[in-house]
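Here is the structure we will look at, set down as structure tokens.
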Amino acid sequence: LMAHNPGVRSRFPTTILFEDYSVSELMQIARQFLGSQHLNLTDEASAMLEKQLGVMVDAKDVQNGNGRAVRNVVEQAMRAQALRLSDNKASLAPHLLSIIEAADLIA
């Protein structure tokens, strides 16, 4: 907004800079969000998520390195998990409902 309308900048003289989260902080956010949904990552999924978050942090994009980006990645994995599990209705064990696999992060 400020880039498109220079007059807006003069109305907000104070700028607050929020540093991007580190990979470990983003992983902590992801684990807390997953925990609130009663979900756990497999070891392989955890390693893959950490790698994805590392790429995100290194990109230094406006949309990266923040909690919302992590939530988007996790929610996408949750949707992929639901689709994966819906294909295996016959062999669906209850404990599988709480596991996010690496394949869910790829989707």
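Listed here is the closest heavy atom pair of Tyr21 and Val57: O-CG2, 3.7 Å. Scanning both residues, Leu26 and Asn66, for their nearest heavy atoms gives CD2-O, 3.7 Å. Residues Ala45 and Ala102 approach most closely at CB-N, 3.5 Å, considering heavy atoms.
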Candidate pair Met48 and Lys51, rule side chain to side chain contact (heavy atoms under 4.5 Å, CB included), full reasoning: CA-CA 5 Å; Met48 180 172 286; Lys51 183 177 178 180; 5.6 Å; no
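With hydrogens and angles ignored, the 3.5 Å screen pairs a side-chain donor or acceptor of Glu25 with a backbone N or O of Ser22. A distance-only check finds no donor-acceptor pair linking the side chain of Ser46 to the backbone of Asp43 [under 3.5 Å].
A heavy-atom distance below 4.5 Å is not found between the side chains of Ile100 and Thr42. Put simply, the side chain of Ile99 reaches to within 4.5 Å of the side chain of Glu101, judged on heavy atoms. Put simply, the side chain of Val23 does not reach to within 4.5 Å of the side chain of Met56, judged on heavy atoms.
Ile106 and Leu49 fall within a single hydrophobic cluster, where Ile, Leu, Val, Met, Phe, Trp and Tyr are joined by side-chain heavy atoms under 4.5 Å apart, directly or via other members.
Just one residue in the list Arg79, Gln81, Arg84, Gln76 forms a side-chain hydrogen bond (donor to acceptor under 3.5 Å, both in side chains) with Asp104, and that residue is Arg84.
Distance CD/Gln37 to CG/Leu34: 8.0 Å, rounded to 0.5 Å. Interatomic distance, Ile29 CD1 to Arg68 CZ, rounded to the nearest 0.5 Å: 11.5 Å.
Heavy atoms from other residues, nucleotides or ligands lying under 6.0 Å from CD of Glu44 number 12 at most.
Remark: Leu97 engages Leu85, Leu92 in a side-chain contact (heavy atoms from CB on, under 4.5 Å) (not counting sequence neighbours).
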